[in-house]
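Here the structure comes first, spelled out in structure tokens, and everything after it is commentary.
If you're wondering where the values come from, they're calculated on a predicted model, not measured in any experiment.
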Amino acid sequence: MSGGPPKALPSTGPQSLRDMPHPLAGSSSEEAVGGDSTPSPDLLTARSFGDKDLILPNGGTPAGTASPASSSSLLNRLQLDDDMDGETRDLFVTVDDPKKHVCTMETYITYRITTKSTRVEFDLPEYSVRRRYQDFDWLRNKLEESQPTHLIPPLPEKFVVKGVVDRFSEEFVETRRKALDKFLKRITDHPVLSFNEHFNVFLTAKDLNAHKKQGMALLTRVGESVKHVAGGYKLRNRPLEFAAIGEYLDTFALKLGTIDRIAQRIIKEEIEYLVELREYGPVYSTWSALEAELAEPLEGVSACIGNCSTALEELTDDMTEDFLPVLREYILYSDSMKSVLKKRDQVQAEYEAKLEAVALRKEERPKVPADVEKCQDRMECFNADLKADMERWQNNKRQDFRQLLMGMADKNIQYYEKCLLAWESIIPLLQEKQEAK
Amino acid sequence: MNFLHMTENNFSLKKIEISVSEAEKRTGRNAMNMQETYTAYLIETRSVEHSDGQSVLTDSLWRRYSEFELLRNYLLVYYPHIVVPPLPEKRAEFVWHKLSADNMDPDFVERRRIGLENFLLRVASHPILCRDKIFYLFLTQEGNWKETVNETGFQLKADSRLKALNATFRVKNPDKRFIELKHYSDELQSVISHLLRVRARVADRLYGVYKVHGNYGRVFSEWSAIEKEMGDGLQSAGHHMDVYAASIDDILEDEEHYADQLKEYLFYAEALRAVCRKHELTQYDLETAAQDLAAKKQQCEELATGTVRTFSLKGMTTKLFGQETPEQREARIKMLEEQIKEGEQQLKSKNLEGREFVKNAWADIERFKEQKNHDLKEALISYAVMQISMCKKGIQVWTNAKECFSKM
């Protein structure tokens with residue numbers, strides 16, 4: 001991951017953190033961006049599928065647009081296409097090219113957001129803007145506000161402990177970039193969220209801050225009404241399916257938490273193992289200096305252990321950068337889903353309360369009053385949206401975890417393969433007969 | 001190295017096989033009449049018939065570790081020019097946390113059994129040591145063997161530590177090769193100790209890595225309970241994680257054999273040093289004898305010529321209390337001349353001894369070097385093979401797990 005041998009897919013992403021003038025001044029979406037897109041370096045999945053055909057060159061994707069061609073995202077798209085019943089994709093979003101900006105007041109990172117779309121909601125076929133984490137946070141809040149009946153994907157953690165984590169290290173920035181890219185892709189794949197006005201603004205506006213200040217008040221009808229749901233109603237009968245979802249999410253989050261702890265513990269043990277290996281290898285070298293006939297074999301063993309140490313370091317780096325963040329993301333995801341479920345409960349509770357109030361009034365009017373009808377409407381919309389999102393979420397979760405765990409298995413296989421190669425190559429050296437001196 | 005040659009009584013050579021085949025816990029009374037528990041080892045000797053290669057059990061007896069020690073101490077005294085094979089360690093050292101340092105631990109006992117067998121095989125395959133009578137009796141005479149060894153009086157012949165230390169410091173002209181060899185054995189001891197210490201730590205850490213993976217087994221199983229399509233894949237992958245975690249026990253058990261091979265040469269370094277020390281002693285002895293002789297010759301000369309070049313107490317007292325008579329002087333000169341003659345004889349034989357020692361010792365050291373290079377190369381190869389096997393197992397397990405994940 002950091003300055004290793006040349007990898008399969010090129011990436012301009014984390015290689016350069018150059019200082020740049022103010023992000024929103026220079027870049028313009030009128031610049032031809034086509035053909036310049038960079039694939040996200042999801043190398044491990046590329047290798048796990050081991051199929052060159054998945055890594056399509058620019059211009060090989062549907063709709064003739066040059067799009068990010070990492071095999072993993074491609075595969076995701078192909079599989080999601082199945083879900084959409086053959087619906088052609090008409091929106092592609094990528095996050096890449098992080099750059100550091102040093103200003104008088106602060107230092108921060110921006111990412112380039114590239115959008116390609118044939119949708120009518122977009123004035124231009126392509127956009128390229130730069131955004132910082134704050135902007136993503138704004139977007140997520142706006143989505144939560146305006147689409148409260150839907151599950152909004154999580155963002156990577158906002159706060160990092162200064163001094164413990166270097167916010168500007170290549171590894172950290174790359175990990176964050178991947179998570180932000182995932183975030184936008186999940187929204188892109190969502191049939192409702194991807195059409196959200198705020199999302200559109202995020203992807204296209206040259207000056208996002210101006211939009212933020214305007215305080216856009218384009219809320220959907222349901223959003224508006226749900227916003228004003230009074231709390232404090234007691235829920236009588238939570239429908240079985242939502243109760244089941246709630247229970248599932250509880251256990252799911254618990255298990256993920258455990259897996260996170262196990263993974264962290266493994267990395268910790270591996271690092272301590274690495275520390276010992278780094279002392280172990282050189283002792284053979286020291287010994288080699290004492291010997292004559294055994295000098296080469298001992299030196300060979302020393303070098304071999306050195307190679308294994310390097311392979312181990314790569315494994316722990318990969319697991320830290322690729323595995324743990326995704327786990328954490330899903331824990332955050334289930335947390336935000338729980339709060340959406342709670343909101344749904346409240347909507348139902350309000351409806352039930354109002355209905356009961358009407359029944360108690362013992363009015364003979366056959367029709368249900370308008371506001372109770374509205375409540376019912378609200379509740380049924382919420383239930384429908386949530387059910388649909390849950391199904392989508394379950395599918396995505398399954399793919400994400402399949403990919404994640406296969407990736408973990410892959411990393412370990414590669415580690416052992418590197419070590420195997422090192423030890424096998426030294427056997428002939430060890431068996432060599434010493435030439436007569 | 002199964003067939004070894006041994007002489008029974010310097011007349012006939014037999015082909016034999018030696019094995020330390022069993023270990024047994026025993027209780028008995030020790031020298032202070034207190035009850036103790038110890039382990040006894042069964043030594044079986046088989047004679048090999050030339051004609052059909054079949055072996056017949058000729059001797060079988062039980063020995064405990066202290067008897068092996070006694071044998072070795074005897075060999076050290078009677079063959080000081082030989083690099084005497086070392087015994088396996090008395091107490092478990094360089095342990096990593098999972099292994100116990102308890103002498104009664106079955107794994108330790110088993111490894112010690114192998115080490116003792118190895119010791120006997122080394123002695124039996126040594127061209128000189130294999131002809132030793134005491135060694136032969138060790139294999140064949142169960143009772144009274146200890147008394148027989150003690151009767152040789154070898155303890156008395158042993159050089160005292162103090163004498164050896166003195167010689168090491170004061171020797172002026174030891175053979176350069178022995179200086180280098182001593183230096184080498186010091187370095188070898190230091191580097192192998194370091195290696196064994198770090199290896200134990202490495203084993204410890206590796207154990208931790210593998211065992212933590214076992215936790216995945218449990219959590220995947222629990223998680224699979226709430227999943228529909230993902231459930232089977234998770235469950236079976238979890239099983240592979242359990243297999244992975246369990247595999248480390250055998251892997252590290254195998255590595256202990258490698259550590260034992262290294263330990264043997266760690267202890268061999270001490271045997272090398274013992275030979276060097278003996279050379280220093282012999283050389284120092286020689287130098288002292290030569291010095292004494294030179295001093296006596298000078299004394300003689302002074303008495304004969306009347307010149308006093310060196311201070312002597314006799315000279316002082318003579319001055320103080322009067323000259324000695326010419327008869328007394330003659331007597332003294334005669335005595336000195338006799339002593340000088342004796343001294344010259346002794347010096348000659350000591351010189352010869354010294355040269356013989358150097359020649360024989362160096363021959364055995366060359367033999368030892370060949371053996372060491374061969375054995376350690378083999379050890380490194382077997383270590384590499386162990387690592388290869390571990391890597392292959394790792395690849396297998398993770399490939400299986402990956403397949404389970406792919407079915408999620």
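- For A/Glu291, the part lying near chain B is the side chain, with the backbone staying farther off; criterion is any non-hydrogen pair under 4.5 Å.
- For the options B/Trp223, B/Phe220, B/Tyr210, heavy-atom pairs under 4.5 Å to chain A are most numerous at B/Trp223.
- The local environment of CD in B/Glu403 is sparse, with at most 12 non-hydrogen atoms from other residues, nucleotides or ligands closer than 6.0 Å.
- Checked for salt-bridge contact, A/Glu293 and B/Lys372 miss the test: no charged N lies under 4.0 Å from a carboxylate O.
- Residue contact with chain B, scored on non-hydrogen atoms closer than 4.5 Å, involves the backbone and the side chain of A/Phe252 alike.
- If you measure heavy-atom distances from A/Leu404 to chain B, you find no contacts under 4.5 Å at all.
- Across all non-hydrogen atoms, the minimal contact from A/Ala409 to B/Lys402 is CB-CB, 3.6 Å.
- Note that CD of B/Gln396 is 12.5 Å distant from OH of A/Tyr416, once rounded to the nearest 0.5 Å.
- At a threshold of 4.5 Å between non-hydrogen side-chain atoms, the residues B/Tyr216 and A/Leu405 do not count as touching.
- Side-chain contact between A/Tyr273 and B/Asp204 is absent, with no heavy atoms from C-beta onward closer than 4.5 Å.
- By the 4.5 Å heavy-atom criterion applied to side chains, B/Glu229 and A/Arg402 are not counted as neighbours.
- Residues B/Trp398 and A/Asp410 fail the side-chain proximity criterion, which asks for heavy atoms closer than 4.5 Å.
- When the candidates B/Ile388, B/Leu376, B/Ile192, B/Leu188 are compared by the number of heavy-atom contacts under 4.5 Å with chain A, B/Ile388 comes out ahead.
- Proximity to chain A (any heavy atom under 4.5 Å) is shown, for B/His213, by both the backbone and the side chain.
- Taking SG of A/Cys308 as the reference point, atom CD of B/Gln387 lies at 7.5 Å (rounded to 0.5 Å).
- Taking each heavy atom of B/Phe405 and A/Met406 in turn, the nearest pair found is CB-CG, 3.6 Å.
- The residue among B/Glu222, B/Met390, B/Lys369 with the most heavy atom pairs within less than 4.5 Å of chain A is B/Glu222.
- Ranking B/Val397, B/Thr399, B/Val385 against chain A, the residue ahead of the rest is B/Thr399, based on heavy-atom pairs under 4.5 Å.
- Closest heavy-atom contact between A/Leu290 and B/Tyr184: O-CE1, 3.7 Å.
- The candidate with the highest count of non-hydrogen atom pairs below 4.5 Å against chain B, out of A/Tyr415, A/Phe401, A/Tyr280, is A/Tyr280.
- B/Glu378 CD: more than 12 foreign heavy atoms inside a 6.0 Å radius.
- If you tally non-hydrogen atom pairs under 4.5 Å between each of B/Leu206, B/Val191, B/Val209, B/Leu195 and chain A, the highest count goes to B/Leu195.
- Among A/Lys255, A/Lys397, A/Arg398, the single residue meeting the salt bridge (charged side-chain N to carboxylate O under 4.0 Å, His left out) criterion with B/Glu227 is A/Lys397.
- Between A/Gln403 atom CD and B/Met408 atom CE the span is 11.0 Å, to the nearest 0.5 Å.
- Judged as a salt bridge (charged side-chain N to carboxylate O under 4.0 Å, His left out), and not counting sequence neighbours, A/Glu391 has no contacts.
- Residue A/Ile413 touches chain B through both its backbone and its side chain, counting heavy-atom pairs closer than 4.5 Å.
- Heavy-atom proximity under 4.5 angstrom to chain B picks out A/Ile259, A/Ile262, A/Ala263, A/Arg265, A/Ile266, A/Glu269, A/Glu270, A/Glu272 from residues 259-272 of chain A.
- A/Leu430 and B/Lys377 make their closest contact through O-CD, 3.3 Å (heavy atoms, listed as atom of the first residue, atom of the second, distance).
- Residues A/Ile427 and B/Ile381 come closest through the heavy atom pair CD1-O, 4.3 Å.
- Taking a 6.0 Å sphere around CG of B/Asp232, one finds it holds 12 or fewer heavy atoms contributed by other residues, nucleotides or ligands.
- Taking 4.5 Å as the heavy-atom cut-off, the residues of residues 258-266 of chain B that approach chain A are B/Tyr258, B/Leu262, ordered by number.
- Residues of residues 357-367 of chain B lying under 4.5 angstrom from chain A, judged on non-hydrogen atoms, do not exist here.
- B/Arg205 contributes no side-chain N or O that, together with a main-chain N or O of A/Leu274, makes up a donor-acceptor pair within less than 3.5 Å.
- Comparing A/Leu254, A/Asn412, A/Leu429, A/Leu256 by heavy-atom pairs within less than 4.5 Å of chain B, the highest count is held by A/Asn412.
- Ranking A/Val283, A/Leu277, A/Ile426 against chain B, the residue ahead of the rest is A/Val283, based on heavy-atom pairs under 4.5 Å.
- B/Lys392 contributes no side-chain N or O that, together with a main-chain N or O of A/Leu420, makes up a donor-acceptor pair within less than 3.5 Å.
- Looking at B/Leu234, the atoms closer than 4.5 Å to chain A (heavy atoms on both sides) all sit in the side chain, from C-beta outward.
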